[in-house]
Amino acid sequence: MAVSRGIRIAIDRGGTFTDCVGNPGTGRMEDDIIIKLLSEDPSNYKDAPLEGIRRLMSKFTGKEIPRAEALDTSRIESIRMGTTVATNALLERKGERIALVTTKGFKDCLAIGNQSRPKIFDLAIAKPEVLYQKVVEIDERVTLEDYAEDPTRHTTRPKSQEEASLDDDLVRGLSGEAVRILKRPAENQIREKLEALFKEGFKSIAVCLVHGYTFPDHEALIGKIAKDVGFKHVSLSHELMPMIKLVPRATSACADAYLTPAIKKYIAGFEAGFEGGLGVDSVKHESGSKGARCEFMQSDGGLVDVAKFSGLRAILSGPAGGVVGYALTSWDPKTKTPVIGFDMGGTSTDVSRYGAGRYDHVFETTTAGVTIQSPQLDINTVAAGGGSRLFFRNGLFVVGPESAGAHPGPACYRKNGPLTVTDANLFLGRLLPDFFPKIFGRNEDQGLDYEASKKLFEELTKEINEESRGEGKEKIMTADEVAYGFIKIANETMTRPIRSLTEARGHDASKHRLATFGGAGGQHAVAIAESLGIHQILIHKYSSVLSAYGMALADVVDESQVPESKVWSESAKEELKKSMDSLKIASSKRLKDQGFQNDSIVFEEYLNMRYRGTESALMIIRPSKEETDGEYDGKDWAFGKAFIKQHEQEFGFTLPDRDILVDDVRVRGIGKSFEGLAKTVDQQLDEIRPHAKMINPIKKHSTAKVYFEGGRLDTPIYKLDDIKVGDQIKGPAILADDTQTIIVTPESTALAIETHIIIDIGEEKKDAGLSIKEVDPIMLSVFAHRFMAIAEQMGRSLQKTSVSTNVKERLDYSCALFDSDGGLVANAPHLPVHLGSMSTCVRTQAKIWEGNLKDGDVLVSNHPEFGGTHLPDITVITPAFSEGKILFYVAARAHHADIGGILPGSMPPHSRELYQEGAAIKSEKLVSEGRFDEEKITKLLFDEPASYPGCSGTRCLADNLNDLKAQIAANKKGISLIKSLIEDYGEEVVQFYMRSIQANAENSVRNLLKDVSKRFSGQELSAEDYMDDGSPIKLKITIDAEKGEAIFDFAGTGPEVYANINAPEAVTHSAIIYCLRCLISEDIPLNQGCMKPIDVRIPKKSFLSPSETAAVVGGNVLTSQRVTDVILRCFQACAASQGCCNNLTFGFGGNQSDEEGKAVAGFGYYETIAGGSGAGPTWDGTNGVHVHMTNTRITDTEVFERRYPVILREFSLREDSGGKGQHKGGNGVIRDVEFRIPLQVSILSERRVYHPYGLAGGGDAACGQNLWVRNIKYDDGRVEERQINLGGKNTAAMQPGERIIVITPGGGGWGKVGEESKAVRNKDVHAAWRKGSLASRQETAETSS
């Protein structure tokens, strides 16, 4: 083969293997050489990519190149690479030692983060560790002059920074917003602090100041001084990603400072292996032909020159190649069929989507616990891949999320590993040892160990059958059935998030193709596609090295972005065009510097847009000429119309009466190097399918007994190399080579085209005739997933069709499925305060309306006496009928922003009677036989609350009505999905498994109670604690160890209170379920069964069972926390946590009137504030986090100041506020808010009198305190600043310049001071997962209550 300078090499360095694809310069696939080698093999080579290039060059040149010899670049045109160097450094926390430089008052901003906890049922809260080792605060501060919630829409127009003088305190920021400079930094102090850091050995720093995205001057000054001092690397947040939000931007700056030095070090070592240089500069400047282009894949799917590759953009470097690979080889611009990418490897399963001819990007993602603000492909890890571990727990088959990892790996890897999905496939004949690399055993020369997998499956089968016999079941399972059961559950586990990912963006999963790649993808693709309703699967010839192949096809990309703050209009359009053009000019220059000419440079132009009053911004691409002519009346720059269209698609509605705001201008400059495939998949299918023939049986390599639904079948095996274009293979069959195995099920057919294997899926056989004599543990596990999937899909429907910020953006809702008695079957998401209470509500309504409901009726209720928690949470309930009888109920509960009462937001801190908190609906029909009763619900929400003294009706009736209709639609969706399930399995079977899943949860709780009784030697468990007003909560738990039952008796609890800390009974039920789930510490179904072994006894007319007129707003957010502490104290589980939500509200207007009696337009704001969590027997408490019954995120500092007339002076950890002990309690926080206009400010809090207690000899934590920093003005003009204690619950009219300082309680300590710590940090099994939009949505849902 003649070789000139033209060799192109693409490499993906993965966690286990490094894949290399080389082409001599012809561009033809048939000339490609593929090499796969271990990423770590220190006894043979130092660096896998270098070794891969050496082997490729040896083949291309025809002579063996010795390992010690530097590689000659004169024949290499380009090297393209994706690497896990950044991800690994992040996961293992092996980056550079760094310091963070930030604004005074915010040293702990990353330690607190958004204040939510990652796992709501973990008592040992493990927040991700910060990346920095030290923080330096700079005494500087700027804020925004105007605020978005200003009802007058006042806009200040100051001079630009170029026009302003050095003394001007008011300037125009980069986003166009007016910036007020409150404090300029002193250069000598900056230098002093940085020099001290440098002397301590720090060489890399991250700089992020409040509002640095729009006013970068102070950051730039620090950067300049840092360079002078000698720091090798300085990451300035405004240069990396000038987007609003302090915490993600500061984390991003830290990630860049932490990772870039590690990447530069790796690149220097890599470059040292070549004789010539690498990168654009080497090609330009080096004499002769010594130099080659070298580009690295970035997280956004674009390549960048080696010299510009940075840590921040490197985190998804490897997986991004796979997305590019399937996108460019599977998408057809004519048919426009969207594609779901399914990348299943040994240690992770990643899912993504490609549609409309461009990549889906997200701008805030979390990897290894680090939330990063940077454009990244929307890649979502949904499972741990072939290494997902298999468990039989509490009568259920469970797959993952724990992984066997690369070491020890699955049982069959000959390292004594556990049972995994890979073992199940091997045992069932779906993975062929003959085709798998022989790299196992002591000498790394043996194949997969079938016997090891078989032995463990036989042992597990025996265990399952013994447990079944103990429960009186007749059915005995075979090892085959057990292994196949795990495969089914693995597929269910992966299907749910894939459906979520597509549907959350407004797409129907069944309208896609599935492109599968990665070593294990082909074994599961057909089952996944069947579950999603997908009819065709694409498997590229290079599917096992598709990430590397994607690098070869990718384009060089230059991303740039600037912040904006404009209302979309014709006049704004011209200014936005100027901003866009300047970005394009700068981008074009950078791409030309990399060797691209004008004719190969194209631009994608974006505006980041949202409706006023919402935070759901959409990144809108400039419509193409085709779209403009076809949809937008031929008008160029139709961003506004494109935004409205996309908003309608993703969220199901538009807001025509609201302004559209532009937050950012973004340009993606693309240096084109890929001109498209010779023929697309659809073109090949059109040509090949008419002439396709069944494969000649002579090509069969062998036959194996392979397990499919129902048993083992004789299955022909074909080598992929023997299959030619046009060969058709009817299932069952296996197609394999030494890198992948493709399963063709009996109902499917495979067809070979030039670039892919195409699998067409036939009709799936349904599980007909399931027995209802006894529970099948596999089907029980399947139904657990199906029921939860229905609740999740109801939630997505609710979010999509609602309009309020609370539901649409904060996801403050729950959707659930109930049996015919109103018993909970499945609830999503798991908001602790909704867990038991929704069922109380549904059962109460079912009893009230028994025999009086018809098909098409819908009920509504929010009254505490009828299963409500607090009035803003309105529950909508729909019965589902079959032949005149109710089969089941579905319900949707949503938090409505306002339902009337004495204060906007319907959360008054000083309510005494229920009517002061807003509309109270006991039990009403919202819909009668399909007719929505708008008149009645308007009367209930708007007219009735206003009839009480000092009260107003709802202040947002339109939002209430829209959200109620969205709740009705969500219920309709749930009913339709369950009816589909009934069509598949039959009514009796679905009802049987509804009851069985409840029985499963019941058994889990019974087992827990038996264990607890044994641990405490049968003694009675009791505890007592007090609310700050002295009201006691007493609890005595008596366990019947034989039956696994318990009485929770609250006798002795204080009487109803003439205040608002009364808690409806439903709240106590929720607290009990929450605590039981925490104590079981395994993922059990949370449903009615949990409460069946529990007899809850609450004295009537106590403040835990108040009368129907009692105020309850504090019961939901304060008393619920104390009830939780008391329950956990009974079980001696952990010390008390902060025991409070620290509810802060402020605003003006609403039902307040001016002197002439007219309503004043205003705004209201509500937040809850973190504190310390309690320590336990094996853990320290956590600082600055929400605990137990709440998990709400805090508004980011910069968004807070942009939306409201406030300055956040401090948000930091409160040192030494946690209880002392063997294990320390977590510290509370200090939140200091200054008000810039007159506002009514209210605080509703607890633990200001009674300390959060320690346990087992641990110390109590500090109480909280609420201070009003008041300016007292004297007649002689003097102003005195006074600190006034507001107590736990108060409201005050605060003036400009006055502040509230909320000092929150810590958590109690555990064990005596001086005893040796037994604290262990549990490993987060999701740490390595790529968390795109799917995880972001899930986390939002779990942090909304």
Side-chain angles (χ1 to χ4, degrees), residues 93 111 116-130 369 389 391 393-394 401-403 418 832 1004-1005 1007-1017 1019 1021 1023 1037 1074-1084 1121 1124-1139 1170-1189 1191 1213 1216-1228 1252-1261 1305-1327:
R93 293 295 194 259
S116 67
R117 61 192 189 278
K119 294 183 181 169
I120 52 179
F121 299 114
D122 278 6
L123 295 175
I125 299 167
K127 284 169 80 171
E129 293 168 1
V130 294
R389 292 184 60 187
F391 306 95
R393 287 179 182 150
N394 302 313
E402 296 89 341
S403 170
S1004 300
V1005 173
N1007 292 336
L1008 167 75
L1009 293 170
K1010 287 173 185 176
D1011 289 348
V1012 167
S1013 181
K1014 211 178 286 177
R1015 186 155 54 92
F1016 288 97
S1017 310
Q1019 70 193 63
L1021 310 178
I1037 301 175
Y1074 166 78
C1075 292
L1076 292 172
R1077 170 62 182 82
C1078 290
L1079 295 168
I1080 289 171
S1081 73
E1082 278 178 8
D1083 202 3
I1084 64 162
Q1121 297 280 36
T1124 307
D1125 273 346
V1126 170
I1127 297 167
L1128 292 172
R1129 188 175 198 173
C1130 279
F1131 288 105
Q1132 297 288 294
C1134 60
S1137 291
Q1138 71 152 334
S1173 76
T1178 58
W1179 68 87
D1180 289 322
T1182 300
N1183 302 328
V1185 71
H1186 258 321
V1187 296
H1188 301 322
M1189 301 301 280
N1191 200 27
L1213 295 174
D1216 298 323
S1217 54
K1220 304 278 191 293
Q1222 174 190 18
H1223 300 143
K1224 299 192 304 286
N1227 288 326
Y1253 55 79
L1255 270 188
D1260 293 349
W1310 178 284
K1312 291 176 183 165
V1313 174
E1315 288 183 4
E1316 187 186 345
S1317 173
K1318 293 177 183 171
V1320 289
R1321 188 173 176 89
N1322 295 326
K1323 191 182 171 196
D1324 179 10
V1325 296
H1326 296 99

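Bear in mind that the values here come from a model prediction, so they are computed numbers and not experimental data. Values below: every heavy atom of this structure, side chains too, minus hydrogens, waters and symmetry copies.
For E129, the salt bridge (Lys or Arg N to Asp or Glu O under 4.0 Å) test picks out R1321, with sequence neighbours left out. P418 pairs by the side chain to side chain contact (heavy atoms under 4.5 Å, CB included) definition with R389, A404, P408, not counting sequence neighbours. The side chain to side chain contact (heavy atoms under 4.5 Å, CB included) test applied to R1015 returns V1012, not counting sequence neighbours. Residues passing the side-chain hydrogen bond (donor to acceptor under 3.5 Å, both in side chains) test with N394, sequence neighbours excluded: E1082. Residues satisfying the side chain to side chain contact (heavy atoms under 4.5 Å, CB included) criterion with K1318, sequence neighbours excluded, are Q1222, H1223. Every residue two or more places apart in sequence or in another chain that forms a side chain to side chain contact (heavy atoms under 4.5 Å, CB included) with C1078 is listed here: F121, L123, Y1074.
Judged purely by atom type and a 3.5 angstrom limit, Q1132 has no side-chain atom pairing as donor or acceptor with the backbone of L1021. Distance alone, capped at 3.5 Å, places no donor-acceptor pair between the S1137 side chain and the G1139 backbone. A donor-acceptor pair under 3.5 Å is formed between the side chain of Q1121 and the backbone N or O of M1189. Between the K127 side chain and the A111 main chain, a donor and an acceptor come within less than 3.5 Å of each other. N1227 places no side-chain N or O within 3.5 Å of a backbone atom of N1183 that could act as its donor or acceptor partner.
Counting only heavy atoms from C-beta outward, the side chains of K1220 and D1260 never approach each other to under 4.5 Å.
Shown here for R117 and H1186, the closest heavy-atom pair between the two residues is NH1-O, 3.1 Å. The nearest pair of heavy atoms linking S1217 to G1228 is OG-N, 2.8 Å. The minimum heavy-atom distance between C1134 and L1128, with the atom names listed, is SG-CD1, 4.0 Å. Nearest heavy-atom pair across F1131 and I1037 is CE1-CD1, 3.7 Å. Counting all heavy atoms, side chain and backbone alike, A1261 lies closest to G1307 at CB-O, 3.3 Å. Taking every heavy atom of both residues into account, G1254 and A1135 meet most closely at CA-CB, 4.0 Å.
Note that SG of C1130 is 9.0 Å distant from CZ of F1016, once rounded to the nearest 0.5 Å. Taken from OG1 in T1124 to CZ in R1129, the straight-line distance is 14.0 Å, to the nearest 0.5 Å.
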For residues 1173-1181, dump all side-chain donor-acceptor pairs below 3.5 Å to protein atoms at least two apart in sequence or in another chain.
| unit_1 | atom_1 | unit_2 | atom_2 | d |
| --- | --- | --- | --- | --- |
| S1173 | OG | T1182 | N | 2.8 |
| W1179 | NE1 | G1174 | O | 3.1 |
| D1180 | OD1 | K1224 | N | 3.1 |

*asked:* Please determine whether side chain to side chain contact (heavy atoms under 4.5 Å, CB included) holds for the pair I125 and K119, giving the CA-CA distance in whole Å, both sets of side-chain angles, and the decisive distance to 0.1 Å.
replied: CA-CA 7 Å; I125 299 167; K119 294 183 181 169; over 6 Å; no

